[in-house]
There are 2 protein chains.
Amino acid sequence: MRLSTKAQYAVRAMVSLNLLHDGQPVNLRDIAKREDLSLPYLEQLFVMLRRNEIVKSIRGPGGGYMPARPAADIRVDEIIDSVEETLVPVACMEKGGKCLCSEQCVTRSVWQGLGERIRDFLASITLEELSREARKKLEGFSGEESLTVRKGKEE
Amino acid sequence: MRLSTKAQYAVRAMVSLNLLHDGQPVNLRDIAKREDLSLPYLEQLFVMLRRNEIVKSIRGPGGGYMPARPAADIRVDEIIDSVEETLVPVACMEKGGKCLCSEQCVTRSVWQGLGERIRDFLASITLEELSREARKKLEGFSGEESLTVRKGKEE
DNA sequence: TTATAATTGACAGAAATACTCAGGTATGAT
DNA sequence: ATCATACCTGAGTATTTCTGTCAATTATAA
């Protein structure tokens, strides 16, 4: 039950992008340095992020990437969707999957519920919140319990 | 973000075991037939389930497996723990992992929260509930919305 | 026109997954 | 005792997925 490192990198890269972004497009090289990732690999990620309209690109000298929308409108689950195929925990339930869901398939409801939980949680966090958190940390405010992870949309 | 098929099989096999169990030990061959799994593979799973005290075994002719405890005391997350290494979504946070969690690691809180959500949800479902559900389905009560997946321990 | 930087697709090594197989061991019935 | 049953174990293997590189192309600003 692991999230691919690709998905993890994508989220981190988006935070970096948002922090570095000040109206000007951000060079991937800078993000690669910050996140200690190879440039070609990062490029691969951003192609996918662009296709999914998470970022937009500006080509040529002085070009680079920037968030396609305000950070408050970019959710973590969207970022992950862009680079990873699925948040659905079992294959047969994927759209296009061939789950007959016959009477034997009693565990379906469990996987379905699990998938909803994962989705809901990741959809409850925005890039804006992560960035705010990152800024707080960078300011040397090395808060021990800086982020109380939100347990749900509302409890 | 996929649950291994091994984990899926384990849960299904446990439901089968519990349904077939009537005080007598259950032959793995029967479960293999029911779930359409190879016997050796199923044996592998049950060795792990036994080590984790989810089931107990009785050797010799007429032997087999039975739940180690009342089904109401067996949680789905325990079953999955037994056969799969982890429910923690990122490697560096595994116990024994080497997450320095320095100030850059702003995404840690997200993965931590996600892991807790997954754990909580799977811990909220017992073998007893799954079995009850299965029986209902088997009785031809092909209820469309037979199981409203519980959204949480309590809301 | 030239340098910069995004864009694309093919490909490869490594690791994890999903099994199979060939035995061994304990137990109850005959 | 011994035999059949059924648990138990570990090695091994094919397949897939993951992770990342490389080479080449296209678009644009200076």
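Proteins come first, then strands; the chains are lettered A, B, ... in the order of their sequence lines, and each starts at number 1.
One hydrophobic cluster, built from ILVMFWY side chains closer than 4.5 Å, cannot hold both A:Ile58 and A:Leu45; they sit in different ones. Note on A:Val55 and A:Tyr9: same hydrophobic cluster, where clusters join Ile, Leu, Val, Met, Phe, Trp and Tyr whose side-chain heavy atoms are under 4.5 Å apart, directly or indirectly. Taken together through direct or relayed side-chain contacts under 4.5 Å among Ile, Leu, Val, Met, Phe, Trp and Tyr, B:Val11 and B:Val47 form parts of separate hydrophobic clusters. Hydrophobic clustering of Ile, Leu, Val, Met, Phe, Trp and Tyr side chains at less than 4.5 Å, counting indirect connections, keeps B:Val83 apart from B:Met66.
Taking atom NZ of residue B:Lys56 and atom C1' of nucleotide D:dA6, one finds them 18 Å apart after rounding to whole Å. In this structure, B:Glu43 places its CD atom 16 Å from P of C:dG23, rounding to the nearest Å. In this structure, CG of B:Leu42 is placed 11 Å from P of C:dT20, rounded to the nearest angstrom. Put simply, CE on B:Met66 is 14 Å from C1' on D:dA6, counting in whole angstrom units. In this structure, B:Leu45 places its CG atom 13 Å from P of D:dC7, rounding to the nearest Å. Distance, A:Lys33 NZ to C:dA5 P: 11 Å, rounded to whole Å. Distance A:Ile54 CD1 to C:dA6 P: 18 Å, rounded to the nearest Å.
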* What do the steps show when you test B:Asp81 against B:Arg119 for salt bridge (Lys or Arg N to Asp or Glu O under 4.0 Å), and what is the final call? -> CA-CA 10 Å; B:Asp81 279 336; B:Arg119 170 68 62 182; 2.7 Å; yes
* Please lay out, stage by stage, how A:Arg34 and A:Ser16 fare under the test side-chain hydrogen bond (donor to acceptor under 3.5 Å, both in side chains). => CA-CA 8 Å; A:Arg34 226 181 113 91; A:Ser16 269; 2.7 Å; yes
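Among the heavy atoms of the strands lying under 4.0 Å from A:Tyr65 are primed sugar atoms or P, OP1, OP2 only; no base atom is included. The residue A:Arg2 sits apart from the nucleic acid: no heavy atom pair falls under 4.0 Å.
Applying the 4.0 Å criterion to OP1 and OP2 of C:dT7, one finds that A:Ser57 has a side-chain N or O inside that range. OP1 or OP2 of D:dC8 lies within a sub-4.0 Å distance of a side-chain N or O belonging to B:Arg50.
With sequence neighbours excluded, no residue forms a side-chain hydrogen bond (donor to acceptor under 3.5 Å, both in side chains) with B:Glu43.
Evaluation of the side chain to side chain donor-acceptor pair (under 3.5 Å) test over residues 48-68 of chain B, restricted to residues two or more places apart or in two chains, returns none. The list of salt bridge (charged side-chain N to carboxylate O under 4.0 Å, His left out) pairs with a residue in residues 21-31 of chain B, not counting sequence neighbours, is empty.
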Please write out the pairs of protein N or O atoms and N or O atoms of nucleotides 26-30 of chain C separated by less than 3.5 Å, giving the distance to one decimal.
{"residue": "C:dA26", "atom": "O4'", "partner": "B:Arg59", "partner atom": "NE", "Å": "3.4"}
{"residue": "C:dA26", "atom": "O4'", "partner": "B:Arg59", "partner atom": "NH2", "Å": "3.3"}

So which protein N/O to nucleotides 19-21 of chain D N/O distances come out below 3.5 Å?
{"residue": "D:dT19", "atom": "OP1", "partner": "A:Thr5", "partner atom": "N", "Å": "3.1"}
{"residue": "D:dT19", "atom": "OP1", "partner": "A:Thr5", "partner atom": "OG1", "Å": "2.9"}
{"residue": "D:dT19", "atom": "OP2", "partner": "A:Thr5", "partner atom": "N", "Å": "3.3"}
{"residue": "D:dT19", "atom": "OP2", "partner": "A:Thr5", "partner atom": "OG1", "Å": "3.4"}
{"residue": "D:dT19", "atom": "O5'", "partner": "A:Thr5", "partner atom": "OG1", "Å": "3.1"}
{"residue": "D:dT21", "atom": "OP2", "partner": "A:Ser38", "partner atom": "OG", "Å": "2.3"}
{"residue": "D:dT21", "atom": "O4", "partner": "A:Gln44", "partner atom": "NE2", "Å": "3.0"}

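The CG atom of A:Asp36 lies 8.5 Å from the CZ atom of A:Arg12; values are rounded to the nearest 0.5 Å.
Sorted by residue number, the list of members of residues 18-27 of chain A with any non-hydrogen atom under 4.0 Å from DNA chain D is empty.
Between B:Val47 and B:Arg29, the one whose closest nucleotide on DNA chain D sits nearer the 5' end is B:Arg29.
For the pair A:Pro67/A:His21, a side-chain contact is recorded, criterion being any heavy-atom separation below 4.5 Å from C-beta on. Between A:Leu87 and A:Leu122 the shortest side-chain heavy-atom distance falls below 4.5 Å.
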